[in-house]
Protein chains: 2
Amino acid sequence: MSKTIRQILGKGNFSINGKLWVEKNGERFFGPGPVELMELIEETGSINKAAKKMKLSYKKAWEIVHNLNSMTAQPLVITATGGENGGGSSISKEARQMINHYHELRKKFKRFMEEETLGLR
Amino acid sequence: MSKTIRQILGKGNFSINGKLWVEKNGERFFGPGPVELMELIEETGSINKAAKKMKLSYKKAWEIVHNLNSMTAQPLVITATGGENGGGSSISKEARQMINHYHELRKKFKRFMEEETLGLR
DNA sequence: TTTCGTTATATATTTAAAGATATAACGATA
DNA sequence: TATCGTTATATCTTTAAATATATAACGAAA
């Protein structure tokens, strides 16, 4: 007699989980990390502050920003050096639109995973 | 006037990609790597040979096997030390069933990603 | 022209993961 | 009992990624 998946797995809290991202020419560049960073830049007005909130080194954060901007036709993060507060950064209208699109995608993906988690029983 | 996602992304081969796995109590243990390893164990009858085919160190392969077996009620990989050919390993009926389930899941996921890749335009 | 906090960039250090190496244990078979 | 190739396990080395540190450039405003 064949077993159900649940019988194979046994007791415990089992679930399907996963990650989604956007690739350009096979290289991933737009996923949960960059999205969180961009939203923190939007909120704080600074790569520096955003990095700190994410507990990321500034260098790493800057690399993500650089990568994002080099991959798209429209710049996603707009940076300014010098000036009133030493400079700062913001995200473009296009970035906001991409982020919204990503959140929608995430929602669908979440539903997908929840459904498949039920399928484990 | 607001831009389309494609206008933001610009020229290039953009696609949605991702990963899926099974977690137990928040810890991932069953994903593409372990599945490939198990199928190679099924094919070769040995962790050692499977590891070599995957270009994985034996240690790493053994850790994956150990992890898999410690997470489920039914052992997925059956190992034997000593004996005719020095021992060997095989996968259980339950492992095969889990792998089939995972492949089905992967197929659905692939369709999901393909659909969402179309949504990028 | 000095100050400010930021971006931009290079280099050194630390850390964690993977890989390499070595060896004991194992048990059927000759 | 000696042999075999495997599993099982520990330890050392290598590698890659992230972090830490340092510094120049920047430009508005006082």
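- For B:S89, the listed nucleotide lying nearest its side chain is D:dT7; candidates were C:dA10, D:dT7, C:dT7.
- Taking the charged nitrogens against the carboxylate oxygens, A:E114 and A:K110 do have a contact shorter than 4.0 Å, which makes a salt bridge.
- Two residues are said to be in side-chain contact when any heavy atoms from C-beta on lie closer than 4.5 Å; B:V77 and B:I64 fail this criterion.
- Counting only heavy atoms from C-beta outward, the side chains of B:T4 and B:R6 approach each other to under 4.5 Å.
- A centroid separation of less than 6.0 Å is found between the aromatic rings of B:F109 and A:F109.
- A heavy-atom distance below 4.5 Å is found between the side chains of A:M38 and A:I99.
- The base of D:dT21 has none of its N or O atoms less than 3.5 Å from a complementary donor or acceptor on the side chain of A:K59.
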Practice prompt. Given salt bridge (Lys or Arg N to Asp or Glu O under 4.0 Å), test A:E43 with A:K49 step by step and report yes or no.
Written response: CA-CA 9 Å; A:E43 181 190 322; A:K49 284 179 191 141; over 6 Å; no
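- In this structure, A:N85 places its CG atom 14 Å from C1' of D:dC26, rounding to the nearest Å.
- Taking atom CD on B:E63 and atom C1' on D:dT7, their separation rounds to 14 Å, with Å as the unit.
- Using a 4.0 Å cut-off, some side-chain N or O of A:W62 falls inside it from OP1 or OP2 of C:dA8.
- Taking the side chain as every heavy atom from C-beta outward, A:I5 and B:M98 approach each other to under 4.5 Å.
- For C:dA18, the OP1/OP2 oxygens have a side-chain nitrogen or oxygen of B:K60 closer than 4.0 Å.
- Heavy-atom distances under 4.0 Å link DNA chain D to B:S46, B:I47, B:N48, B:K49 of residues 43-53 of chain B, given in residue order.
- Remark: C1' of C:dA8 and CD1 of A:I41 are 14 Å apart, rounded to the nearest angstrom.
- For the 3.5 Å distance criterion, the side chains of B:H103 and B:E39 qualify, holding a donor opposite an acceptor.
- Taking a 4.0 Å limit (strictly below) on heavy-atom distances, residues 64-82 of chain A reaches DNA chain D at A:T81, A:G82.
- Where A:E84 and A:L56 each meet DNA chain D at their nearest nucleotide, the meeting point lying more 5' is that of A:L56.
- No side-chain heavy atom of B:E104 sits under 4.5 Å from any side-chain heavy atom of B:H101.
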